[in-house]
> 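I have a structure here, written as structure tokens, and I will follow up with some questions on it.
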Amino acid sequence: MKIYITRHSLTTWNEEKRLQGWKNSDLTKQGLEDAKRLGNYLKNQSFDGIYSSPLKRAKETAQLIFPNKTIIEDDRLKEMNFGDYEGKFIDELKKEKDYYTLWNEPQGDFSIKNGETYQEVVDRVLDFIEEKYKENKKCIFITIHGMLFTILNGLFLNLPIEHFNEVNQNIVRGCSLSLFEYNGKEFKIDYIGKDDFLEPRKTKISYK
């Protein structure tokens, strides 16, 4: 099964460097344009199913990419819930021990207060992938989020949760395109963060 993946497009909180999680902010003008560019790039590609996180920024991104297609929302594709830290500025959070642990010392049972653990997020996203594979889907598209993408990347590299910090230095660009594959037993990464159809970006994205 081929899994095409994009992260939601640029939002106001992305620009303000605030942690979003299950909270939301609007897509920016650039975010709207980027989603349309990805849609144009994919206009001749067919999918057995198009899925999105139900969070507004992801859902609107998917609707802009596929304006005339049915998009199925799935809670298992939501961003990690960051609990009490949602909406706060990244620079302020970097002073907090729990925030440092989240990114640099990940553990399966770790969560920000009132948020989700890594293991809870791993379980739900793997459940989604297994379900689509058992439904005999050959090629799907999902619109997700930065931390969830990082977790998927770690899983597809067969990393234990404790080593997810090896792949979270930079967050994948919004509306870039990645392609993973799953055969029911093994994962394969074809490419990550293809963005030559977008305007060149000035800086990489990091939450660490």
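Since the model is a prediction, treat every value here as computed from it, not as a measurement.
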> Verify the neighbour count for atom CD of Glu186: are there more than 12 heavy atoms of other residues, nucleotides or ligands below 6.0 Å?
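Count not over threshold, so no.
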> Do Val125 and Ile144 have side chains that approach each other closer than 4.5 Å (heavy atoms only, starting at C-beta)?
no
> Return each pair, listed once, that meets salt bridge (Lys or Arg N to Asp or Glu O under 4.0 Å) where at least one residue sits in residues 10-22; pairs must be two or more places apart or across chains.
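Passing the test, one end in residues 10-22: Glu16-Arg18.
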> Partners of Phe180 by ring pair (Phe, Tyr, Trp, His ring centres under 6.0 Å), sequence neighbours excluded?
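If we apply the ring pair (Phe, Tyr, Trp, His ring centres under 6.0 Å) test to Phe180, skipping adjacent residues, the hits are Phe149, Phe156.
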> Working to the nearest 0.5 angstrom, can you tell me the gap between Arg76 CZ and Ile142 CD1?
11.0 Å
> For Glu166 and Leu159, which heavy atoms make the closest approach, and how far apart are they?
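That closest heavy-atom pairing would be OE1-CD2, 3.9 Å.
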> Give the other cluster members for Leu27, using side-chain heavy-atom distances under 4.5 Å between Ile, Leu, Val, Met, Phe, Trp and Tyr residues; answer none if it is isolated.
Leu32, Leu64
> To the nearest 0.5 Å, what is the distance between CD on Gln20 and CE on Met147?
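Output value for this atom pair is 13.5 Å.
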> Could you check Leu179 against Lys2 for side-chain contact (heavy atoms from CB on, under 4.5 Å), going step by step and ending with a plain yes or no?
CA-CA 7 Å; Leu179 176 57; Lys2 292 186 176 181; 4.0 Å; yes
> Within this structure, what is the CD1-CH2 distance for the pair Ile171 and Trp103, rounded to the nearest 0.5 Å?
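Going from CD1 on Ile171 over to CH2 on Trp103, the span is 4.0 Å.
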> Can you find a heavy atom in the side chain of Asp123 that is under 4.5 Å from one in the side chain of Glu120?
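No, their side chains stay 4.5 Å or more apart.
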> Are Leu152 and Ile50 co-members of a hydrophobic cluster defined by side-chain heavy atoms under 4.5 Å apart?
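The answer is no; the residues belong to distinct hydrophobic clusters.
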> So, taking the atom named CD1 in Ile90 and the one named CG in Leu19, what distance separates them when rounded to the nearest 0.5 Å?
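Nearest 0.5 Å value for the CD1-CG distance: 4.5 Å.
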> Which distance, rounded to the nearest 0.5 Å, do you find between the CD1 of Ile3 and the CD1 of Ile140?
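Interatomic distance, Ile3 CD1 to Ile140 CD1, rounded to 0.5 Å: 5.0 Å.
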> Answer with yes or no whether the hydrophobic clustering places Leu77 together with Ile71; edges join I, L, V, M, F, W, Y residues whose side-chain heavy atoms lie under 4.5 Å apart.
no
> Of all residues at least two apart in sequence or in a different chain, which pass the side-chain hydrogen bond (donor to acceptor under 3.5 Å, both in side chains) check with Tyr182?
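If we apply the side-chain hydrogen bond (donor to acceptor under 3.5 Å, both in side chains) test to Tyr182, skipping adjacent residues, the hits are Glu130.
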> Of all the heavy-atom pairs spanning Ser46 and Cys139, show the shortest one and how long it is.
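Reported closest heavy-atom pair: O-SG, 3.9 Å.
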> Determine whether Met80 and Leu102 make a side-chain contact, defined as any pair of heavy atoms from C-beta on separated by less than 4.5 Å.
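The answer is yes; the side chains approach within 4.5 Å.
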> Do Tyr99 and Lys94 touch side chain to side chain, with heavy atoms closer than 4.5 Å?
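Touching, per the 4.5 Å side-chain cut-off.
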> Of all the heavy-atom pairs spanning Ile161 and Pro106, show the shortest one and how long it is.
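For Ile161 and Pro106, the tightest heavy-atom pair comes out as O-CG, 3.3 Å.
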> So, using side-chain hydrogen bond (donor to acceptor under 3.5 Å, both in side chains) as the criterion, who are the partners of Glu33 when residues are at least two apart?
none
> Please determine whether side-chain contact (heavy atoms from CB on, under 4.5 Å) holds for the pair Val172 and Ile5, giving the CA-CA distance in whole Å, both sets of side-chain angles, and the decisive distance to 0.1 Å.
CA-CA 10 Å; Val172 70; Ile5 307 172; over 6 Å; no
> Verify the cluster assignment for Tyr191 and Phe187: are they in a single hydrophobic cluster under the rule of side-chain heavy atoms below 4.5 Å apart?
no
> Taking side chain to side chain contact (heavy atoms under 4.5 Å, CB included) as the criterion, tell me which of Asn104, Leu157, Asn153, Leu155 meets it with Phe164.
Leu155
> Search all heavy atoms of Ser9 against all heavy atoms of Ala35 and return the closest pair with its distance.
OG-N, 4.0 Å
> Can you pull the salt bridge (Lys or Arg N to Asp or Glu O under 4.0 Å) pairs that have at least one residue in residues 98-112, sequence neighbours excluded?
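Qualifying pairs, neighbours excluded: none.
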> Can you list everything that forms a salt bridge (Lys or Arg N to Asp or Glu O under 4.0 Å) with Glu116? Sequence neighbours excluded, please.
Arg124
> Where the side chain of Ser52 meets the backbone of Glu73, is there a donor-acceptor pair that is under 3.5 Å apart?
no
> Mind checking what makes ring pair (Phe, Tyr, Trp, His ring centres under 6.0 Å) contact with Tyr51, not counting sequence neighbours?
Phe128
> Output all residues satisfying side-chain hydrogen bond (donor to acceptor under 3.5 Å, both in side chains) with Asn81, sequence neighbours left out; order by chain, then residue number.
none
> Is there a side chain to side chain donor-acceptor pair (under 3.5 Å) between Lys134 and Asn136? Walk through the geometry before answering.
CA-CA 5 Å; Lys134 290 176 181 177; Asn136 202 32; over 6 Å; no
> For Phe47, which residues count as a ring pair (Phe, Tyr, Trp, His ring centres under 6.0 Å) partner, sequence neighbours excluded?
Tyr4, Phe66, Phe141
> Grab the two heavy atoms, one from Glu79 and one from Gly146, that are nearest each other, plus how far apart they are.
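Minimum heavy-atom contact is OE2-N, 3.5 Å.
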> Share the residues that join Trp22 in a hydrophobic cluster, the rule being Ile, Leu, Val, Met, Phe, Trp or Tyr side chains under 4.5 Å apart at the heavy-atom level.
Leu55
> Using the rule that two of Ile, Leu, Val, Met, Phe, Trp, Tyr join whenever any of their side-chain heavy atoms come within less than 4.5 Å, decide whether Leu38 and Ile192 are in one cluster.
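No: no chain of side-chain contacts under 4.5 Å links Leu38 to Ile192.
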> Determine whether Leu93 and Phe82 fall in the same hydrophobic cluster, where Ile, Leu, Val, Met, Phe, Trp and Tyr are linked whenever their side-chain heavy atoms lie under 4.5 Å apart.
yes
> Hey, does Met1 have a side-chain heavy atom less than 4.5 Å from the side chain of Ile129?
yes
> Answer whether the closest heavy-atom distance between the side chains of Glu162 and Gln107 falls below 4.5 Å.
yes
> Which pair of non-hydrogen atoms, one from Asn24 and one from Arg57, has the smallest distance, and what is that distance?
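Scanning both residues, the minimum pair turns out to be OD1-N, 3.0 Å.
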> For Gln63, enumerate each residue passing the side-chain hydrogen bond (donor to acceptor under 3.5 Å, both in side chains) test, keeping only those at least two apart in sequence or located in another chain.
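Scan of Gln63 (side-chain hydrogen bond (donor to acceptor under 3.5 Å, both in side chains), adjacent residues dropped) gives none.
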> Hey, is the main chain of Ser176 close enough, under 3.5 Å, to the side chain of Thr6 for a donor-acceptor pair?
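Between the backbone of Ser176 and the side chain of Thr6 there is a qualifying donor-acceptor contact (under 3.5 Å).
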> With rounding to the nearest 0.5 Å, note down the distance linking CD in Gln30 to CG in Asn14.
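Between atom CD of Gln30 and atom CG of Asn14 there are 10.0 Å.
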> Is the side chain of Asn168 donor-acceptor paired with the backbone N or O of Thr150 at a distance under 3.5 Å, no angle test?
no
> Taking side chain to side chain donor-acceptor pair (under 3.5 Å) as the criterion, tell me which of His8, Arg7, His145 meets it with Ser53.
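So the option named by the test is His145.
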